[in-house]
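See below for the structure under consideration.
Just so we're clear, the structure is a prediction, and the values are computed from it rather than from any experiment. Just follow the structure's listing: the first ligand is 1, and inside any ligand the first atom is 1.
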Amino acid sequence: MQSIHHPLFAAVYELLSRWGGEWEKALRAEVVGAAWGRVLEVGAGTGLNFACYDPSRVEFVEAVEPDPAMLRYARRRREEAAVPVRLHQARVEELPFADESFDSAVATLVFCSVEEPARGFAELRRLLKPTGSLLLLEHVRAASPCMAQLQDLLTPLARRCAGNCHWNRPTLTTLAGAGLRIVSRREVGGGLLPLVAVRAIRE
Ligand SMILES: C[S@@+](CC[C@H](N)C(=O)[O-])C[C@H]1O[C@@H](n2cnc3c(N)ncnc32)[C@H](O)[C@@H]1O
């Protein structure tokens, strides 16, 4: 596996996030605010979700992020959290935790960039307790064939400029193939980057 280190992308992501819109904050609050108990967050990036964990529901968060450039910002952002957040440098495909350790797993805007998404979802399935939930916010492949074709065309550019981001991934199909079942799904917008907020459980 190639190492993940995108300092320019991390700096731009951090800068842009400071102007993050209210809709984005509300979406993060909706998805991340549903986490409870012992929480695993993967691809934590610059730590934008940390402030969204509800201290009346969450015991602690183990947050993993493979890119050292992202981790630098995430370390600072831990101070905004109202719950204990421990940071680890790791990829979702290979996580340093015991089976069935977590009540909730959180990933926002991550699986578009993961090198081996099927392996990543299998790891999350392994780490969730039988009663646990996976909470996802991801942009996915467009339903319209025309839009999906445009996504295919633009993906090489997006991968290059945005830390391996694939605009054209059928992420929810990959999730289902890893033995996870979607129990709620909300479409948030469409066009070139259709977003979905999902809760999934183990099959
Ligand atoms: C677009 S950023 C999103 C960051 C954050 N989750 C958010 O919502 O702002 C994508 C993140 O996924 C991380 N990532 C890429 N490949 C990964 C992998 N194999 N395992 C875990 N995280 C990965 C990147 O380093 C980056 O921080």
query: Which parts of the protein, at residue level, reach under 4.0 Å of ligand 1 through a heavy atom?
result: I4, Y13, R28, G43, A44, G45, L48, E65, P66, D67, M70, R91, V92, E93, T108, L109, V110, S113, V114

message: Looking at Q89, I want to see if its CD is surrounded by more than 12 non-hydrogen atoms of other residues, nucleotides or ligands under 6.0 Å.
response: yes

- prompt: Got more than 12 heavy atoms from elsewhere within 6.0 Å of CD, E203?
  reply: yes

Any residue meeting side-chain contact (heavy atoms from CB on, under 4.5 Å) with Q149, in chain and number order, not counting sequence neighbours: none

- prompt: To the nearest 0.5 Å, what is the distance between CZ (R38) and CG (D103)?
  reply: 7.5 Å

Side chain to side chain, E115 and P66, heavy atoms closer than 4.5 Å: no

- prompt: Would R119 and E123 count as a salt bridge (Lys or Arg N to Asp or Glu O under 4.0 Å) if you check the C-alpha gap in whole Å, the side-chain angles of each, and the deciding distance to 0.1 Å?
  reply: CA-CA 6 Å; R119 212 173 133 200; E123 264 301 77; over 6 Å; no

